[in-house]
Number of protein chains: 2
Amino acid sequence: MTQRRVRVDAQRNMDALLGAALTVFMSSGVDAPAKEIADLAGVGVGTLYRHFPQRSDLIVAVLEHEIDAVAERAPALVADHEPAAALREWFRAYVELLATKPGFASALHSGDPAYAALPGYFLRRLGPALQTLLDHAADGIRSDVGAEDLLHAVALLCQSVSGQGRAYTDRMVGVLLDGLTRESKGKP
Amino acid sequence: MTQRRVRVDAQRNMDALLGAALTVFMSSGVDAPAKEIADLAGVGVGTLYRHFPQRSDLIVAVLEHEIDAVAERAPALVADHEPAAALREWFRAYVELLATKPGFASALHSGDPAYAALPGYFLRRLGPALQTLLDHAADGIRSDVGAEDLLHAVALLCQSVSGQGRAYTDRMVGVLLDGLTRESKGKP
DNA sequence: TCGGGAAGCGGAAAAGCTTTCCGGATAAGT
DNA sequence: ACTTATCCGGAAAGCTTTTCCGCTTCCCGA
């Protein structure tokens, strides 16, 4: 009943696949052929499909990987910046996550059963991270919006025509964050 | 140089295809096989692909057809209801358009080149229709939001998990519309 | 260090979908 | 009725995803 360790070559291939998938998804979109990803990773398609039985499993894995990366930035930002700057910086990363990867944001909101688990993971992972930042900036921020409200609102804003409209997205998110802090500095 | 009329059988098949496509898209989603649609319409796939050279052309055609239907309801609503009710009723149809057809709303916002023409058609067709309704309800409505702002905002709200979250969508749209009229009836 | 065998690998083949093609059918003019 | 441009159907080509299996590689105990 010895729990066998995962073989190192398997782990290596797994990592190579995630990396290759991210690269390909960014350049060719999430609809790129699986073969293209397998080739870039230097493995056969069989290997890809053993690790990720369905195409969508790979997309989910990559997205979760990216979500993790964003969530894990929170502690460092809290330590290195003043609260308001940390918050702003974190949202920059968050918008980057959703706005620069065509198809990722739509997968999140697609309703397709294959992506059903994503929204939950999303909130579970990013909710606490953002909450940490909000807590640290608490006295400069209005109290009637929660972390999940914000994540949701910004995610929807990121849907607006990506690429061309990136400036629009950044502008609207900026407005939203300004609104968030409006009540702080005693205004006229 | 006689401009030959379009053959009636061709027109009949075209109509059958649009009808069948709508039915299939609603029940099986926009990713349903083309064969399924051709079979339901009682034609061969060749016929489908002559009328709609690419799969996405059919999706675009169906969506435009539905957009037209919603746009054309505006005049009748203006005639038959009081302004506020007409507006509310029209938005019910609009939300129905976007929220009950999985994949349609995401196609609209997808950024995929195949759907590039959709947003333009969307605004061109629905913008004036909504404007008519807004004009008729003008004195009960705040003046700092335009027709396009509203179309855009509601379209984004309809993205939220369809099916399960239909109640959420309806609720949020309701809130938005309430906000639209808040300044009308001399408030406390 | 070495040998057995489980775990993993690659790529050929199967399955499924979209798109093309063309011989045959048919509606519309004369 | 006859002619012909137009349209039809479905077989087949071209892609992609997914499965399958013989061969290789790594891990563990001896």
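Order of the sequence lines fixes the chain letters, A, B, ..., with proteins taken first and strands second; residue numbering starts at 1 for each chain.
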Subject >> Value in whole Å for how far the P atom of dT18(C) lies from CG of Asp39(B) >> reply: 12 Å
Subject >> N or O in side chain of His51(A) less than 4.0 angstrom from dC9(C) OP1/OP2 >> reply: yes
Original post:
Where along residues 10-29 of chain A does a heavy atom fall under 4.0 Å from DNA chain C?
Top reply: Ala10(A), Asn13(A)
**OP:** Quick one: which residue pairs count as a salt bridge (Lys or Arg N to Asp or Glu O under 4.0 Å) with a foot in residues 59-71 of chain A, not counting sequence neighbours?
**Re:** Asp68(A)-Arg125(A)
**OP:** Taking side chain to side chain contact (heavy atoms under 4.5 Å, CB included) as the test, write out the residues that go with Ala117(B), two or more places apart.
**Re:** none
Original post:
How does protein contact run along nucleotides 16-22 of chain D, one letter per nucleotide 5' to 3', with B for base contact, S for sugar-phosphate only, - for none, heavy atoms under 4.0 Å?
Top reply: SSBB---
With a 3.5 Å cut-off and sequence neighbours excluded, list the donor-acceptor pairs that the side chains of residues 73-82 of chain B form with protein atoms.
none

Original post:
Can you name the residues that form a salt bridge (charged side-chain N to carboxylate O under 4.0 Å, His left out) with Glu148(B), not counting sequence neighbours?
Top reply: none
Original post:
Mind checking what makes side chain to side chain contact (heavy atoms under 4.5 Å, CB included) contact with Ala61(B), not counting sequence neighbours?
Top reply: Leu18(B), Phe52(B)
Original post:
Angle, rounded to 10°, between the helical axes spanning five pairs at each terminus of the helix from dT1(C)-dA30(D) to dT30(C)-dA1(D)?
Top reply: 10°
Original post:
Of all the choices, dC9(C), dC8(D), dG8(C), which nucleotide is nearest to the side chain of Arg7(A) once you look at every atom?
Top reply: dG8(C)
Subject >> Pairing residues for Arg92(A) by the side chain to side chain contact (heavy atoms under 4.5 Å, CB included) criterion, not counting sequence neighbours >> reply: Glu89(A), Glu96(A)
Original post:
Can you name the residues that form a salt bridge (charged side-chain N to carboxylate O under 4.0 Å, His left out) with Arg124(B), not counting sequence neighbours?
Top reply: none
Original post:
What is the minimum heavy-atom distance between Ala147(B) and Gln131(B), and which atoms define it?
Top reply: CB-OE1, 3.4 Å
Original post:
Residues two or more places apart in sequence or in another chain: which of them pass side chain to side chain contact (heavy atoms under 4.5 Å, CB included) with Ala155(A)?
Top reply: Tyr94(A), Leu98(A), His109(A)
**OP:** Name all residues meeting the salt bridge (charged side-chain N to carboxylate O under 4.0 Å, His left out) criterion together with Asp135(A); count only those two or more places apart in sequence or in a different chain, and write none if there are none.
**Re:** none
